[in-house]
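Given the structure is predicted, the values throughout are model-derived calculations rather than measurements.
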There are 2 protein chains.
Amino acid sequence: MRELDRTDLNILDILQKDGRIAITELAAKVNLSTTPCSERVKRMEREGVIEGYYARLNPKAVKKELLVFLEINLSAKSGDVFDKVRRELLQIPEVLECHLVSGEFDYLVKARLPEMRAYRKLLGELLKRLPASATSRSYIVMEEVKESLYLSLT
Amino acid sequence: MRELDRTDLNILDILQKDGRIAITELAAKVNLSTTPCSERVKRMEREGVIEGYYARLNPKAVKKELLVFLEINLSAKSGDVFDKVRRELLQIPEVLECHLVSGEFDYLVKARLPEMRAYRKLLGELLKRLPASATSRSYIVMEEVKESLYLSLT
DNA sequence: TCTGAAAGGGTTGATGG
DNA sequence: CCATCAACCCTTTCAGA
């Protein structure tokens, strides 16, 4: 994986903010002609620096009013249990994020759901499928102050 | 804001997975010609159903190896304090998410940083700038099992 | 609200600096 | 590694159903 130069970082910064910008326009912004600009983008896609392009939707507009975080603590810390729980969590489409964390709990899960009813259902399903020793805590988001994937490249 | 029909949801589903797809290709996938397909996309952009398009980067490739979550508890729950803390948090570019939550703490913060040194620096800065009564807990992510913004539209 | 066609502009690949 | 140019493809607009 080659090092990223100033122009590459510049391109990445712009694409993070406008994933659908035309290559000609992007090229103009970074003072290149279209060919090398397009090649840089393609190379970074190939090398996995750019993982993909996504439209971001308004959750309210698609009836996902509720954002919740779940902390899941597994007392039995065998590898088997971790793998099983992970597989369960990954199967749930409402789960947007799932991280294995150090500290006081084990999995931190972020999920978007239509409303409280769906949340209680999810929680019920989870507790049924998790090992008996697992405990969980939930945090309901009252207000989303900020949510992005933008990485500053300075 | 008009209701979204089956075709709209279909379009949104595809754009969530491939934000740079050409309109002609998108139109073919949803059995439309390009004109109405383009108009539907434009309308949903205008109405805020589609909030934007973003390239997603590989955090490791841009030297953001560390993902941390911070719980920040404000004992003094006056509106002033909340606003001040929020403004502090929003000014930090490494903060990707910030949510006001119910439950045992107040702000849940997600941040991406180069490494431990940057994390300790961030924590030091934060504690200096937050009110004296604030407490915090950190969770370092050991493994990112899943991270997406994809909303299932079924 | 759709299709189809035409004009304008973007993308891609060959060629050369 | 870059610019230019030409061929091709996509996007946008407009007429007509």
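Ranking D:dT4, D:dC1, D:dT12 by closeness to the B:T34 side chain, first place goes to D:dT12. The nucleotide whose nearest atom lies closest to any side-chain atom of B:T35 is, among D:dT4, C:dA5, C:dC2, C:dA5. Among D:dT4, D:dT12, C:dT3, the nucleotide with an atom closest to any side-chain atom of B:K42 is D:dT12.
Counting non-hydrogen atoms under 4.0 angstrom, A:R43 reaches nothing in the nucleic acid. Backbone-only engagement by A:S38 is indicated by non-hydrogen atom pairs under 4.0 Å involving sugar-phosphate atoms exclusively.
Counting heavy atoms of neighbouring residues, nucleotides and ligands inside a 6.0 Å radius, atom CG of A:D80 does not exceed 12 of them. Counting non-hydrogen atoms of other residues, nucleotides and ligands closer than 6.0 Å to NZ of A:K146 gives a total above 12.
Under 4.0 Å is where a charged nitrogen must lie from a carboxylate oxygen, and between B:R43 and B:E39 no such pair does.
Ring geometry for B:H99 versus A:F69: interplanar angle of 30 to 60°, hence tilted.
Contact check, A:R40 against D:dC1: no side-chain N or O comes under 4.0 Å of OP1 or OP2.
Near DNA chain C, defined here as any heavy-atom distance below 4.0 Å, the residues from residues 7-32 of chain B are B:L32, listed numerically.
In this structure, the ring of A:Y107 has its center less than 6.0 angstrom from the ring center of A:F82.
A:L149 belongs to a hydrophobic cluster with B:L149, counting contacts under 4.5 Å between side-chain heavy atoms of Ile, Leu, Val, Met, Phe, Trp and Tyr, direct or through other members.
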